[in-house]
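Structure, as structure tokens:
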Amino acid sequence: MRKFLRRAAVRKSRPSDPQPAGAQLIRAEPVPPPGQCPVGRSGPAEAVPVRPAPAADLARLRQEAEEFLRLYHSEERGAGDPAKRIAAVHAEIDATGTYRHTADELAHGARVAWRNSNRCIGRLYWRSLRVRDRRDVRDADTIAAEAVAHLREATNGGRIRPVITVFAPEAPGRPGPRIWNEQLVRYAGYADGAGRVTGDPRNAGLTAYATGLGWPGGPGTQFDVLPLVVQGSDDKPRWFELPDDAVHEVPLRHPDDDWFAALGLRWHAVPAISNMCLEIGGICYPAAPFNGWYMGTEIGARNLADTDRYDLLPVVAARLGLDTSTDRTLWKDRALVELNRAVLHSFDTAGVTITDHHTESRRFLAHLEQEAGRGRRVGADWSWIVPPISGAATGVFHRTYDTVQARPVFAHHPEALARARGEEPAPEPARATDLV
């Protein structure tokens, strides 16, 4: 497998005449409030040089570790009294400045981080998340190879499985590895300097950064798959091509209109978010790509329709013969529905897992009821939970939500956001923030 991932010259050439274009993902949720994922605070004690941490940081780490361990022992049958484990973790932190989760703690923490994702509508199946423990991996080559293995396992022949791969954590005096792509699979955006972009404008910054690292670019289509940009713990960012068999794509067709196929649209099957930190009990895992499956509106109402993405509503409306002279004809709404019909039809025809916004809204309400029955509060961001089309036709629209943010969480580091925009991160390590 490794031979597919090397930074060797590829057979593709850079585009010579970029055209305009635009895309997005499954609803990840970044957001920790206070004390989240500071760089250099955590990691496996036996593998890192210890640099004394400020007493306040150690006190906070002890507190967050204890909070998580009490949660874990209260929710996992057979875990028993947490007192002995808490005492051992406190001693490990005092001796090394960090501690290491057990495999079971890691798995539970990753699943609960999904459960706590305020911007994710698809949390009903949080316990089904498959956890790939790769905490001993810090080098870019192996991370890239494991990312490919993640995609293959998650794709599962089209029956998408929720998967997370957890790489090495932050450690005192040693940063954890990073995957700078927003998702493991993203389409390039080639900017021509005159405001025009071929491909996905959202990824123009990372595309420019990858070419600056030596990636020669793809053939210049609207859907060239970006390479992975990976930074090992002790290395600079490097790029790695994804092999074709790891990227399952669905050609988009309309159930009624044959002309739709001529647009040449497609989208990838696995929305694997890869630039967020998994934070469990004060330990930060900055490289922890995870995926569920797509909700159709993420592709049809955002990735392909947003004006700063692929901006396809005018194209679809023209082919439908709609009057676009005024918004009062509701041409945008009609084109949007047909675009979303095409996405759902195409994934279903290809045998690839996808959900629709009506089904997922009902599932989210079931999740709220289920969690309430267990005495747990559910945080949610209304603006993300309500679908981007037909919001009032779904049950999630007609209620309010608690915005409390529980932990463990998935969070964004500001330097990850900067790299996704093609910018150099701040020279000093920054603390995690609460947004995308």
Side-chain angles (χ1 to χ4, degrees), residues 24-43 57 60-61 63-65 67-68 71-72 98-99 101 105-123 126 129 131 135 162 164-171 175-184 231 233 271-292 377-381 383-385 401-421 423 425-426 428-436:
Q24 194 198 297
L25 76 171
I26 205 165
R27 296 281 171 104
E29 176 271 348
V31 193
Q36 48 286 40
C37 308
V39 172
R41 193 179 70 192
S42 57
D57 283 352
R60 182 175 59 194
L61 179 55
Q63 177 184 347
E64 293 181 8
E67 288 174 357
F68 168 69
L71 174 72
Y72 169 73
T98 187
Y99 71 102
H101 292 121
E105 289 166 358
L106 178 74
H108 187 73
R111 291 170 183 144
V112 173
W114 183 11
R115 186 179 83 196
N116 290 339
S117 296
N118 283 11
R119 296 181 176 181
C120 178
I121 195 173
R123 288 179 261 170
W126 64 273
L129 181 67
V131 180
R135 285 177 289 167
I164 185 170
T165 301
V166 184
F167 295 109
E170 298 283 1
R178 297 283 197 280
I179 299 173
W180 293 114
N181 305 61
E182 185 180 39
Q183 293 188 31
L184 294 182
Q231 183 170 6
S233 293
I273 299 153
S274 53
N275 70 342
M276 298 180 76
C277 164
L278 169 63
E279 196 272 339
I280 304 173
I283 302 296
C284 175
Y285 300 94
F290 64 97
N291 71 275
R377 298 170 68 190
V378 177
D381 183 335
S383 65
W384 282 70
I385 296 300
Y401 300 96
D402 191 342
T403 57
V404 62
Q405 178 58 64
R407 291 181 292 183
V409 296
F410 289 106
H412 266 304
H413 282 300
E415 67 268 26
L417 294 174
R419 188 73 81 190
R421 292 189 296 263
E423 304 168 0
E428 293 299 319
R431 303 178 84 81
T433 57
D434 61 348
L435 40 217
V436 205

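Since the structure is predicted, the reported quantities are computational estimates derived from the model, not experimental observations. The analysis underlying the following values was restricted to heavy atoms, covering all of them including side chains, and did not include hydrogens, waters or symmetry mates.
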| message | Tell me whether the rings of H108 and Y72 are parallel (<30°), tilted (30 to 60°) or perpendicular (>60°). | response | perpendicular

| said: Using side-chain heavy atoms (C-beta onward) and a distance below 4.5 Å, is D381 in contact with Y401? | reply: no

| L61 and T98: which non-hydrogen atoms are nearest, and at how many Å? | CD2-CA, 4.0 Å

| note | dist L106:CG -> I164:CD1 (nearest 0.5 Å) comes out at 7.5 Å

| note | Taking every heavy atom of G281 against every heavy atom of Y99, the minimum-distance pair comes out as O-OH, 2.8 Å

| query | Got a donor-acceptor contact below 3.5 angstrom from the N116 side chain to the Q405 backbone? | reply | no

| field | Reported CD-to-CZ distance for the pair E64 and R407, which is rounded to 0.5 angstrom | value | 4.0 Å

| Given L184, I273, N275, the one that forms side-chain contact (heavy atoms from CB on, under 4.5 Å) with I179 | L184

| R115 backbone acceptor or donor facing R123 side chain under 3.5 Å | yes

| request: Please lay out, stage by stage, how F410 and H412 fare under the test ring pair (Phe, Tyr, Trp, His ring centres under 6.0 Å). | output: CA-CA 7 Å; F410 289 106; H412 266 304; over 10 Å; no

| Can you tell me if R178 uses its side chain to pair, donor with acceptor, with the backbone of Q231 under 3.5 Å? | no

| query | W114 and G122: which non-hydrogen atoms are nearest, and at how many Å? | reply | CZ2-O, 3.1 Å

| said: Let's go through Y285 and I280 carefully: what are the C-alpha distance in whole Å and the side-chain angles of both, what is the deciding distance for side-chain contact (heavy atoms from CB on, under 4.5 Å) to 0.1 Å, and is it a yes or a no? | reply: CA-CA 8 Å; Y285 300 94; I280 304 173; 4.3 Å; yes

| Looking only at heavy atoms, what is the nearest atom pair of R111 and L129, with distance? | NE-O, 2.9 Å

| T165 side chain to A288 backbone, donor-acceptor under 3.5 Å | no

| task | Mark yes or no for whether R135, through its side chain, and H101, through its backbone, hold a donor-acceptor pair below 3.5 Å. | result | yes

| request: Identify the two heavy atoms, one from N181 and one from S274, that lie closest to each other, and give their separation to 0.1 Å. | output: O-OG, 2.7 Å

| Should P162 and W126 count as side-chain neighbours, where that means a heavy-atom distance under 4.5 Å? | no

| remark: Shortest non-hydrogen pair, F68 vs G109, comes out as CE1-CA, 3.8 Å

